[in-house]
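Encoded as structure tokens, the structure appears first; notes follow it.
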Amino acid sequence: MVDCRSPIRSLVAVGLAFALVAAACGSPSTSNLPGTAGSSPAGSGPTASSDSLALGLSAGLGKLDSYQFSWTLSAASSAGTAVASSVPWVSGTVINKGTRSYRINDPSAVQFIVIGDKAWTSIDKGNTWATGDVPSADLTNLMLDAGYATWFDKNAASFKMDGEESKNGIQCVRYKGDSSLSGLYAGTGEASSHFTADLWIAKDGNYPVSGNFGYSESVGGNSGDFGYSFDVTHVNDSANSVAAPTNVLVEPTDAAST
């Protein structure tokens, strides 16, 4: 069984020891929010009677012919000298039209390809591949849907419309997270902390296009920022493709050796 952890839960593994990660990956203050992820009709969008984010909008991604997605981590600190970094975490290409297929690039050397009922795994950045089967390669938690449901659907009531703008070349409705989301951040009594969250939903198709959570904290003369974001790009791009690998290792069988 392939261990495909959620890209957000896996943040802890990279050693970014912010208290906010422990708090957010635990039990955020969302128990009093109405509904659960996916409880609204799939693809339902904003209405004139409410400016809050609708639930289940990631289902709109399944109606696209194809798209690419990515999760990115970012961190910066200032203690006399500024240090900043942005790290691609998980990325992938999804093909919905025709045979369902996708390719996922994990932050390590691991990559996955699934085409219909066939699957392959590489542990050397795609240089060589081994065949597998779809049930044993459950990539659900590495897809965009899982992280979106955890961080945006579960906090939908805290996101309000904030105008319209283009994002990743797609006309979107922008949402901003309100102050009720500050409970996701576990700051210290001595620190001054700030939390922001933004989300962009495509006007045509009601699917997530981009989103981010960001935290900043300062104590004395030192400050630090941490955040993560996702992006959907190359929507319905004819160049999107997922092909079966050719450099597949074949393990000998008893029958073959006989």
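- Considering CG of Asn212 and CG of Asp198, their distance stands at 4.5 Å, rounded to 0.5 Å.
- Partner of Arg174 under the side chain to side chain contact (heavy atoms under 4.5 Å, CB included) criterion, chosen from Met161, Glu165, Glu164: Glu165.
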- Let me see the working for Ile170 and Tyr207 under side-chain contact (heavy atoms from CB on, under 4.5 Å), right down to the final yes or no. CA-CA 11 Å; Ile170 300 169; Tyr207 58 87; 3.6 Å; yes

- Task: Go through the steps to decide whether Val94 and Met143 satisfy the test side-chain contact (heavy atoms from CB on, under 4.5 Å), and finish with yes or no.
- Result: CA-CA 9 Å; Val94 179; Met143 304 294 279; 3.7 Å; yes

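- The six-membered or imidazole ring of Trp151 lies near that of Phe213, with a centre-to-centre distance under 6.0 Å.
- From Leu144, atom CG reaches atom OG of Ser91 across 12.0 Å, with rounding to the nearest 0.5 Å.
- A donor atom on one side chain and an acceptor atom on the other are found under 3.5 Å apart for Ser180 and Asp178.
- For Ser70, there are no side-chain hydrogen bond (donor to acceptor under 3.5 Å, both in side chains) partners at least two apart in sequence or on another chain.
- Remark: Phe112 CZ to Thr121 OG1 distance equals 5.5 Å, nearest 0.5 Å.
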- Message: Val90 vs Phe230, test: side-chain contact (heavy atoms from CB on, under 4.5 Å). Steps then yes/no.
- Response: CA-CA 9 Å; Val90 176; Phe230 76 84; over 6 Å; no

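- No more than 12 heavy atoms of other residues, nucleotides or ligands sit less than 6.0 Å from atom NZ of Lys125.
- Between Phe69 and Tyr148, the gap from one ring centroid to the other reaches at least 6.0 Å.
- Crowding of Asp124 atom CG: a count of heavy atoms from other residues, nucleotides or ligands under 6.0 Å exceeding 12.
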